[in-house]
Protein chains: 2
Amino acid sequence: MDAQLKKGSLEVCVLAALMKQDSYGYKIIQSLDEVVDISESTLYPILRRLEQNECLQSYSVEHNGRLRKFYSITDKGQERIKEYLLDFKELMNIYNYIAREVKKDVE
Amino acid sequence: MDAQLKKGSLEVCVLAALMKQDSYGYKIIQSLDEVVDISESTLYPILRRLEQNECLQSYSVEHNGRLRKFYSITDKGQERIKEYLLDFKELMNIYNYIAREVKKDVE
DNA sequence: ACATAATACTATACATAGCATAGTATAAGA
DNA sequence: TCTTATACTATGCTATGTATAGTATTATGT
């Protein structure tokens, strides 16, 4: 899938993954496996950005002697998702236009 | 609308606008007016990029003493649109996942 | 015992696309 | 004569996704 098309969506996808329960980097990648292929180099910067934005909060839990960084979604993060859903409707307008123009050609 | 979300779509939107008939910069902006707000600083670079990619061809027509640059879509440009439509289905998967996780929370 | 895979994260650097801003230049209308 | 519409070019910024590499521990396989 074209990287450009993912822009703006991956971030929100990560937020959505944290709606059910708190999670950490490695686990998030796995839980999103069926939805989208997201690599470490994409996810970790997103997590840091979202924390800076206050869309996420983090806390560390010791696991096998190392710290696992858990993230939980904030109210602001949930607002962010709602804005995305609204924006996506506008994107659908663009998509529909494109699909329509192609069909016209076929007819 | 969030600029990031438009990435990858505007370019194809311009291609789609040229499916019916050849057109030029200023006119394209107008014809896309109802679909998406695209400014000159966005459109003209797109047109040049698409011509370099060979998704568009151009020719100049004199109009009131100045040259108007008309663009027409190539076969490669039409292929490009088809790829976009496929890619968009994957994006819909992401969107559906996000919408689903939000709903779960409401229930 | 040793190698490999899985786990878990950090850091650097890059490409791309959309967009703001500014500049150039002509024609038409108030 | 001033503004608006027309039509395009050029420079530079920012955000996001991604490749690559590095670090370090645990579990598994041979």
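By convention in this document, chain letters (A, B, ...) are assigned in the order of the sequence lines, proteins followed by strands, and residues within each chain are numbered from 1.
- Nearest to the side-chain atoms of A/Y24 among the listed nucleotides C/dC19, C/dC9, D/dT18 stands C/dC9.
- Following rounding to the nearest Å, A/D87 (CG) and C/dG18 (P) show an atom-to-atom distance of 15 Å.
- Rounded to whole angstrom, the span from the CD atom of A/E40 across to the P atom of D/dT23 amounts to 15 Å.
- Shown here is A/E51, whose CD atom has more than 12 heavy atoms of other residues, nucleotides or ligands within 6.0 Å.
- The residue among B/A3 and A/K7 whose nearest nucleotide of DNA chain C lies closer to the 5′ end is A/K7.
- To the nearest angstrom, C1' of C/dA17 lies 14 Å from OH of B/Y84.
- Per the geometry, NZ belonging to B/K6 stands 17 Å off P belonging to D/dG17, to the nearest Å.
- At the phosphate of C/dC19, OP1 or OP2 sits under 4.0 Å from a side-chain N or O atom of B/T42.
- Between D/dT9, C/dA17, C/dC9, one nucleotide has an atom nearer to the side chain of A/Q4 than all others, and that is C/dA17.
- Atom CD of A/E34 has 12 or fewer neighbouring heavy atoms from other residues, nucleotides or ligands inside a 6.0 Å radius.
- Across C/dT16, C/dT10, C/dA11, the shortest atom-to-atom separation from the side chain of A/S41 is found for C/dA11.
- Dashed line: the shortest gap from a side-chain N or O of A/K69 to OP1 or OP2 of C/dT10 is under 4.0 Å.
- Nucleotide C/dA17 holds its P atom 17 Å from the CG atom of B/D2, rounded to whole Å.
- At whole-Å resolution of the value, CD1 in A/I46 and P in C/dC9 are 15 Å apart.
- Among all heavy-atom pairs drawn from A/I73 and A/L18, the shortest one is CG2-O, 3.7 Å.
- Residue-to-nucleotide proximity on DNA chain D shows that, of A/S9 and B/P45, the 5′-proximal contact is made by B/P45.
- Rounded to whole angstrom, the span from the CG atom of A/L5 across to the P atom of C/dA17 amounts to 12 Å.
- The distance between atom CG of B/L43 and atom C1' of C/dC19, rounded to the nearest whole Å, is 12 Å.
- When the side-chain nitrogen and oxygen atoms of A/Y26 are compared with OP1 and OP2 of C/dT7, one or more of them lie within a distance under 4.0 Å.
- Checking the phosphate oxygens (OP1, OP2) of C/dT7, a side-chain nitrogen or oxygen of A/Q30 falls inside 4.0 Å.
- Proximity of B/R49 to the phosphate of C/dT16: no side-chain N or O atom is located under 4.0 Å from OP1 or OP2.
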